[in-house]
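Worksheet for the structure shown next.
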2 protein chains.
Amino acid sequence: MPDSKTPSANPLFLREEELRQGIELLFFAYRDFTAEPDEMLAQYGFGRAHHRVIYFVGRNPRLPVSDLLAILKITKQSLSRVLSQLVQEGFVVQRPGTRDRRQRLLELTEKGEELERRLTENQRARFARAYRAAGADAVEGFRKVMLGLINAEDRRRFGSFEGPRAPEPARGQQEV
Amino acid sequence: MPDSKTPSANPLFLREEELRQGIELLFFAYRDFTAEPDEMLAQYGFGRAHHRVIYFVGRNPRLPVSDLLAILKITKQSLSRVLSQLVQEGFVVQRPGTRDRRQRLLELTEKGEELERRLTENQRARFARAYRAAGADAVEGFRKVMLGLINAEDRRRFGSFEGPRAPEPARGQQEV
DNA sequence: GGAAATATGTCAACATGGCTGACGTAAAAA
DNA sequence: TTTTTACGTCAGCCATGTTGACATATTTCC
């Protein structure tokens with residue numbers, strides 16, 4: 001009978017521990033990563049959902065609504081609530097697409113860009129600290145593991161590394 | 001004037017891109033990491049908050065309520081709602097502490113452990129795939145970066161590596 | 001031994017942000 | 001010209017976070 005008190009003698013225990021640690025790292029990292037931006041957003045009467053819209057619109061100017069929905073994986077009704085607010089309060093503008101005039105391409109206003117900068121600066125600084133403390137090789141490892149956690153459909157959003165061919169039922173998602 | 005169209009000539013652009021990629025990796029990974037457990041939980045009429053309680057109680061049997069609150073960083077009223085449900089429906093039991101009889105130490109029941117296994121198995125499998133595809137060195141790098149993202153107070157929950165001394169106002173958090 | 005602090009819980013009210021279902025309009029595609 | 005697509009809106013439901021006030025049992029401190 002294997003002795004569960006001596007983990008080094010039991011590779012299965014190690015593996016279990018290693019995997020649970022991954023789960024917990026992700027929980028704590030996400031919790032702390034979002035806490036400070038959440039506080040800033042509250043000053044504007046906004047929440048995390050607003051942040052996500054501002055971030056991805058800032059990152060992809062002239063983003064069609066359908067692409068934003070594919071990124072967020074929420075319903076258009078849920079998006080509508082926060083997006084209308086952002087448009088009404090002058091953080092985001094919608095412009096009809098030229099190729100397809102049904103589209104309403106999303107862009108940040110100057111005001112929106114300013115808020116985006118404030119929010120992203122916080123998260124960027126957190127990553128900069130973490131990357132610097134961990135070193136370049138660690139960053140490459142981080143990228144690889146994170147890509148492996150993401151469903152295959154969305155890995156192409158990032159660079160080269162493909163990640164595992166996971167047993168996930170492909171759901172036919174679009175690209176940005 | 002530097003040419004922003006040739007990123008390799010502009011280390012600041014590279015850095016910005018690298019950091020934004022980190023931000024996005026975290027968003028997509030968390031989104032996909034929680035999606036399948038969320039579906040399972042819905043079958044029980046539970047949500048992500050229930051999952052977190054089940055996970056951390058399973059991980060730390062005889063966990064005091066105060067410690068759970070320190071992990072989740074939510075109010076006791078918020079916790080109360082989901083915890084009472086879990087107790088009433090027989091997934092969690094509360095037992096008075098022996099050293100301090102004001103405490104109600106939390107434990108999973110057999111039923112609770114079963115649900116915990118189902119949920120964690122999914123997330124464990126996702127990590128196992130990602131770790132396997134990325135390799136052992138990458139996993140070590142992943143750990144380092146993730147630890148650096150987590151506020152200093154909670155890094156001690158994990159093993160050796162300390163991470164950056166960040167300019168964060170220490171808020172005096174307890175340990176599990 | 002009595003007062004204060006601590007661990008936990010509860011009620012009430014409110015906000016955010018998911019969801020579904022139903023329906024509407026303009027533009028593109030067949 | 002019909003159908004499909006992109007987008008939007010209204011209404012209502014649920015989960016999960018918040019604050020504030022208050023209650024109880026137990027421990028700790030003077």
Side-chain angles (χ1 to χ4, degrees), chain A residues 27 30-31 34-35 37-54 57 62-89 92-106 172 174 176, chain B residues 27 30-31 34-35 37-54 57 62-89 92-106 172 174 176:
Chain A
F27 167 77
Y30 199 77
R31 184 198 66 175
T34 50
D38 281 356
E39 283 177 31
M40 296 186 208
L41 289 155
Q43 297 168 354
Y44 293 80
F46 292 157
R48 207 177 287 178
H50 299 83
H51 187 181
R52 294 197 274 251
V53 171
I54 287 173
V57 171
R62 307 182 53 77
L63 183 69
V65 171
S66 57
D67 287 2
L68 183 52
L69 287 172
I71 290 173
L72 301 178
K73 290 203 180 159
I74 60 175
T75 60
K76 62 175 177 172
Q77 293 93 326
S78 295
L79 173 58
S80 168
R81 191 162 33 205
V82 295
L83 184 53
S84 327
Q85 264 182 283
L86 289 170
V87 169
Q88 265 194 320
E89 300 185 26
V92 171
V93 284
Q94 298 172 297
R95 306 198 320 186
T98 48
R99 230 187 36 209
D100 183 338
R101 296 196 330 273
R102 291 172 301 183
Q103 293 184 327
R104 313 230 186 140
L105 308 182
L106 305 173
Q174 292 119 290
V176 178
Chain B
F27 167 77
Y30 198 78
R31 183 198 67 176
T34 50
D38 280 355
E39 283 176 31
M40 296 185 206
L41 289 156
Q43 296 168 354
Y44 293 79
F46 291 156
R48 206 176 287 178
H50 300 83
H51 187 182
R52 294 196 275 250
V53 170
I54 287 174
V57 171
R62 307 183 54 75
L63 183 69
V65 171
S66 56
D67 288 2
L68 183 52
L69 287 173
I71 290 173
L72 301 177
K73 289 203 182 160
I74 59 175
T75 60
K76 63 176 176 173
Q77 294 94 325
S78 295
L79 173 58
S80 168
R81 191 162 33 206
V82 295
L83 183 53
S84 325
Q85 267 182 280
L86 289 170
V87 169
Q88 265 195 319
E89 300 184 27
V92 171
V93 284
Q94 298 172 296
R95 306 199 319 186
T98 47
R99 228 187 37 207
D100 183 338
R101 296 199 329 274
R102 290 172 302 181
Q103 292 184 328
R104 314 232 185 139
L105 307 181
L106 305 174
Q174 294 118 288
V176 177

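As the structure is a computational prediction, the values presented were derived from the model and not from experiment. Each chain gets a letter, A, B and so on, in the order the sequences are listed, and its residues count up from 1.
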Examine [N]: is either OP1 or OP2 under 4.0 Å from a nitrogen or oxygen in the side chain of [X]? Give yes or no.
{"X": "B:Ser66", "N": "C:dT8", "value": "yes"}
{"X": "B:Ser80", "N": "C:dT10", "value": "yes"}
{"X": "B:Arg52", "N": "D:dA15", "value": "no"}
{"X": "A:His50", "N": "C:dT16", "value": "no"}

**Message:** Which is more 5' along DNA chain C, the nucleotide nearest B:Pro64 or the one nearest B:Arg81? Just name the residue.
**Reply:** B:Pro64
**Prompt:** Would you say the side-chain atoms of B:Ser78 pair up with the backbone N or O of B:Ile74, donor to acceptor, closer than 3.5 Å?
**Reply:** no
**Item:** B:Arg31 side chain vs A:Ile71 backbone, donor-acceptor pair below 3.5 Å
**Value:** yes
To the nearest angstrom, how far is [X] atom [atom1] from [N] atom [atom2]?
{"X": "B:Ile54", "N": "D:dT16", "atom1": "CD1", "atom2": "C1'", "answer": "15 Å"}
{"X": "B:Arg62", "N": "C:dA7", "atom1": "CZ", "atom2": "C1'", "answer": "16 Å"}
{"X": "A:Leu72", "N": "C:dC19", "atom1": "CG", "atom2": "C1'", "answer": "15 Å"}
{"X": "A:His51", "N": "C:dG17", "atom1": "NE2", "atom2": "C1'", "answer": "16 Å"}

Using atom names, set out every protein N or O paired with an N or O of nucleotides 26-30 of chain C below 3.5 Å, distance rounded to 0.1 Å.
{"residue": "C:dA28", "atom": "OP1", "partner": "A:Arg101", "partner atom": "N", "Å": "3.2"}

**Item:** Nearest-0.5 Å distance that lies between atom CG in A:Leu79 and atom CG in A:Leu106
**Value:** 8.0 Å
**Fill in**
Against the side chain of A:Gln77, the closest entry in C:dG18, D:dT18, C:dA22 is C:dA22
**Message:** Quick check for you: among C:dG9, C:dA7, C:dC19, whose closest atom lies nearest to any side-chain atom of A:Thr75?
**Reply:** C:dC19
**Item:** Sorted by number, the residues of residues 42-49 of chain A with heavy-atom contact under 4.0 Å to DNA chain C
**Value:** A:Gly45, A:Gly47, A:Arg48, A:Ala49
**Message:** Under the rule for ring pair (Phe, Tyr, Trp, His ring centres under 6.0 Å), what residues qualify as partners of A:Phe46, not counting sequence neighbours?
**Reply:** A:His50, A:Phe91
**Message:** Check this for me: B:Gln88, atom CD, are more than 12 non-hydrogen atoms of other residues, nucleotides or ligands nearer than 6.0 Å?
**Reply:** no
**Message:** Taking atom types as they are modelled, would you say the side chain of B:Gln94 forms a donor-acceptor pair with the base of C:dG9 within the 3.5 Å cutoff?
**Reply:** no
